[in-house]
There are 2 protein chains.
Amino acid sequence: MAKIVENVVKSISKVAEDDPRRVIHSMKVGLAVTLVSLLYFFQPLFHDFGTSTLWAVLTVVVVFEYSVGATLGKGLNRVMATLLGGILAVGLHGLATQCGHIAEPLLISIFVFLQAALSTFARFSPKIKARYDYGFLIFILTFAFISVSGFRLQEIIDLARNRWATIVIGVFSSLLISIFVFPVWAGEDLHNLIANNIDKLASSLEGYGNSYFKIQENANAQDNEASMLQTFKTVLNTKNTEDILANFARWEPSHGAFRFKHPWKQYLNLGALTRECAFRIDTLDKQLNTNFKKILKFDDGIKEECNKITLEASKTLKELSTTLKNTSQSAPCIAHQVAESKDKIKCLKEVILKSMANLSADYEKLQVVITEITIATILNDILNYVEKMVDCNRELALLANFKQDKEYNSPDSESKNDIPAVENSGSLISTENRDNNLSNVTVVNSSQVVAITIE
Amino acid sequence: MAKIVENVVKSISKVAEDDPRRVIHSMKVGLAVTLVSLLYFFQPLFHDFGTSTLWAVLTVVVVFEYSVGATLGKGLNRVMATLLGGILAVGLHGLATQCGHIAEPLLISIFVFLQAALSTFARFSPKIKARYDYGFLIFILTFAFISVSGFRLQEIIDLARNRWATIVIGVFSSLLISIFVFPVWAGEDLHNLIANNIDKLASSLEGYGNSYFKIQENANAQDNEASMLQTFKTVLNTKNTEDILANFARWEPSHGAFRFKHPWKQYLNLGALTRECAFRIDTLDKQLNTNFKKILKFDDGIKEECNKITLEASKTLKELSTTLKNTSQSAPCIAHQVAESKDKIKCLKEVILKSMANLSADYEKLQVVITEITIATILNDILNYVEKMVDCNRELALLANFKQDKEYNSPDSESKNDIPAVENSGSLISTENRDNNLSNVTVVNSSQVVAITIE
């Protein structure tokens, strides 16, 4: 028994710890429901509406969602659908009553059937499902409610009007409390989710660099940090959350750095690239785990290059995440960094290639080299995605009008970069050309050949 | 204008074509709403409930979902939550009225606040969210509704009883129509979704085998079939649908081959493996597209092996999908096939290895060999997942008590299999041992070395 209580307490405190705003949200819902209930107690205010006032209470319970966007979306859907459903029901009811007392219930039944069937069918349309599903449900509900009530009640117009007015009161109260008492913005949550996901990839990459490619003092390092290495795994499954948040965010008014028509779609693009990158890190993770012993036999030079590349990729991702968090334009140094990392990949490939010159006999060496090539290919893949993420983030910052960093504006900072900014890249060609200038290219021909394979 | 109408008609017919059962479902909802409305027209039947009868109509609109499982889940949640919410409200209302007319609204307000806040908080718990979210919503709603009504109404017990009874009528009507008029079972949908996903992987693999690894008569083959090759891509994004369907399926009673406690979780496992396999096929797809020219230069022997392996993997997946669709135990020949394909991978590796003997000088040949190794690694990965899927499906068939194939039962069939059934495999060791018996192992040592790398 004590055990059960303990477990319940644990799971309760976990729910609260995961996101402390949940406690506040619960109290906000309680507050909204209570406030609207109080209105019912003051008869003078609401003697017009009678028991319809209860619809306001029900509306608050149903409409009050966690984020402002979700509440707004549901509230507007409910208000509009109740209005339209009410008008349609009153109109068709007028038509039905003119056909005599026998035809009336028959006609009303046919109308109810047709309206319910057609609206239900419309809910299957993907566009409607995404934004107006709840509206269509309420449309059916209100229409059926008003139509059927009309059979016994004379003041059907009053009923429709009361229902609508009380629903407006409920939605309005919910929105007031949702927006002005510790608001939770779906857009902000989406923004932070993406930035944190990028951060997680950075941490994992840093972990891999340190545990696998450091010139080994401590062979157990990778065990100690195992849990830290796996942080990227949560990123693989956030697509659904991102889609839902973006859907809610579209309803939200301007707040903080986010305007009403903020480019939420671009966040989904950035999220998708982050996930693709996470899948590449997953591949790296599997390779590292399976071939741990072979990696120990890597040449020190290759290990060092791998270490540098992973750490730099991690650093780039960290900076990317920071600029996103600060809602600022990404500094040109990030593009510079990616370009440098890509140059390092070239060096790595060349070192590997040189080591392949005297292979044929030694099969053990051969398999180490194959692992080296595999790892280099994956690192190259990861860098490509990091580059795409940098580009995508730059586009996002432009679309969203994020504030520009000071250095980015000053004219002399651009001339400082001797390496041309990888402005319209994502193309490997620009890096390829730059490659020819490298002083340490000794086996140019072969490097190009393998480079194409590995990319 | 005509254009708009045309587009609307097109999108309507698309919604219907995608799943013709949607049209039937829409009519079922119309029917249910209309039938319950009719009850309202017959006063003698329902003079007890008065206008509360309308709750039955509203319940049908809100509770009637696409599948039986979803309707059952929502219906049971609604019935139970209304009952509990009503009882709690009536009880606390009795307590409050005993404290005098001034304390009563105060106490009721406090109760409403506490109940709404606590229940809202409970909805954040993952376990509750998954199955009882709607129930908690209705619990808050009913409690607030009855408590607040009690302030003006004397017959609060009647109100609670009527509300509950009409909701039971609504839920019962919905369930009757949902189950007995062209039922849509979430469980069956999940079963078919997984089987079709496996089928899609099979088609894609077959396409790759035919377009890339056939000894080329027609170099444009891969263009013609491009759309067919991409069928596997839809599999990458069905996780969410699978989770939702499994959640609904748990509510469903026994139907067809599916019992009440059918192992739905195992379907999710099989679905996850299918998706992992699809990711490997995605990697294969990218490799094939990037290195198309190098693949043209593959040795004919290697091409042929690759072709055989992809076609056999495809055949295995097709058979797996068929046994699943027939809800029968998988025949032992499937395990046999996987084992044979794995032997083919060994052969492929050896052929590649032999061709590496005189490499060092020729860098162009070298890059072709690296591509060969990469492709072989990916094919090996795919085979591993096919094997895991076969195992997972066998386990599913056992857990679900699917009917056994005749040959599987006959005692002599087992002795026919000279290769030991890969019963507890997924392990590469058993295949490894078998390898030593192969007559064409000429470079045993090196093969083992590379085999470990490639796996």
Side-chain angles (χ1 to χ4, degrees), chain A residues 11 15 22-23 25-27 29-31 33-34 37-38 40-41 51 54 57-58 61-62 105 108-109 112-114 116-118 120-121 124-125 137 140-141 144-145 147-149 151-152 239-240 279 290-291 294 356-360 363-364 366-367 370-371 373 445-446 449-450 452-453 455, chain B residues 11 15 22-23 25-27 29-31 33-34 37-38 40-41 51 54 57-58 61-62 105 108-109 112-114 116-118 120-121 124-125 137 140-141 144-145 147-149 151-152 237 240 279 290-291 294 356-360 363-364 366-367 370-371 373 445-446 449-450 452-453 455:
Chain A
S11 65
V15 168
R22 288 171 173 173
V23 180
H25 171 73
S26 305
M27 298 213 285
V29 174
L31 184 69
V33 176
T34 315
S37 307
L38 284 182
Y40 184 71
F41 296 152
T51 49
L54 282 172
V57 180
L58 303 194
V61 176
V62 176
I108 289 181
S109 300
V112 168
F113 174 83
L114 282 179
L118 290 177
T120 303
F121 185 74
F124 284 114
S125 153
L137 181 76
I140 306 176
L141 201 143
F145 181 80
S147 298
V148 177
S149 301
F151 189 68
R152 298 213 181 284
K239 182 182 183 330
N240 202 31
F279 275 116
T290 328
N291 299 316
K294 266 163 248 155
M356 286 180 88
N358 50 353
L359 256 184
S360 54
Y363 283 111
E364 191 158 356
L366 180 67
Q367 75 176 10
I370 289 176
T371 311
I373 293 174
N445 250 327
S446 57
V449 168
V450 169
I452 297 163
T453 306
E455 274 150 26
Chain B
S11 66
V15 169
R22 289 170 173 174
V23 179
H25 171 72
S26 305
M27 300 214 283
V29 174
L31 184 70
V33 176
T34 314
S37 306
L38 283 183
Y40 184 70
F41 296 153
T51 49
L54 282 173
V57 180
L58 303 193
V61 176
V62 175
I108 288 182
S109 300
V112 168
F113 174 83
L114 282 179
L118 290 177
T120 303
F121 186 73
F124 284 115
S125 153
L137 181 76
I140 306 175
L141 200 143
F145 181 79
S147 298
V148 177
S149 301
F151 189 67
R152 298 213 179 284
N237 291 317
N240 201 33
F279 276 117
T290 329
N291 299 316
K294 267 163 248 152
M356 287 179 89
N358 50 353
L359 256 186
S360 54
Y363 282 112
E364 190 158 357
L366 181 67
Q367 74 176 12
I370 290 176
T371 311
I373 293 174
N445 251 329
S446 57
V449 168
V450 169
I452 298 163
T453 308
E455 273 150 27

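All values derive from a computational prediction rather than experimental measurement.
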- Query: If you look at every heavy atom in B:Val23 and A:Phe121, which pair is closest and at what distance?
  - Reply: CG2-CE1, 3.9 Å
- Message: Quick check: closest heavy atoms across A:Thr34 and B:Ser109, and the distance to 0.1 Å?
- Response: CG2-O, 3.5 Å
- Task: For chain A, find which of B:Thr120, B:Val57, B:Leu118 contributes the most heavy-atom pairs closer than 4.5 angstrom.
- Result: B:Thr120
- Task: Please state whether the rings of B:Phe279 and A:Phe279 are parallel, tilted or perpendicular, taking 30° and 60° as the class boundaries.
- Result: tilted
- Note on the structure: Turns out that what part of B:Leu137 lies under 4.5 Å from chain A's heavy atoms comes down to both
- Show the numbers, then the answer: is there a side-chain contact (heavy atoms from CB on, under 4.5 Å) between B:Phe145 and A:Leu58? CA-CA 7 Å; B:Phe145 181 79; A:Leu58 303 194; 3.9 Å; yes
- Task: Sort out for me which of A:Ala117, A:Ala144, A:Ser125 touches chain B most, counting heavy-atom pairs under 4.5 Å.
- Result: A:Ala117
- Task: I would like to know whether B:His25 and A:Phe124 meet ring-ring contact (aromatic ring centres under 6.0 Å, His included); could you show each step before the answer?
- Result: CA-CA 10 Å; B:His25 171 72; A:Phe124 284 114; 5.7 Å; yes
- Counting heavy-atom pairs under 4.5 Å to chain B, which of A:Ser11, A:Gly30, A:Ser147 comes out on top? A:Gly30
- Note on the structure: Under 4.5 Å to a heavy atom of chain B? For A:Leu141 that would be both
- Item | Heavy-atom contact with chain A under 4.5 Å, split by part of B:Ile108 | side chain
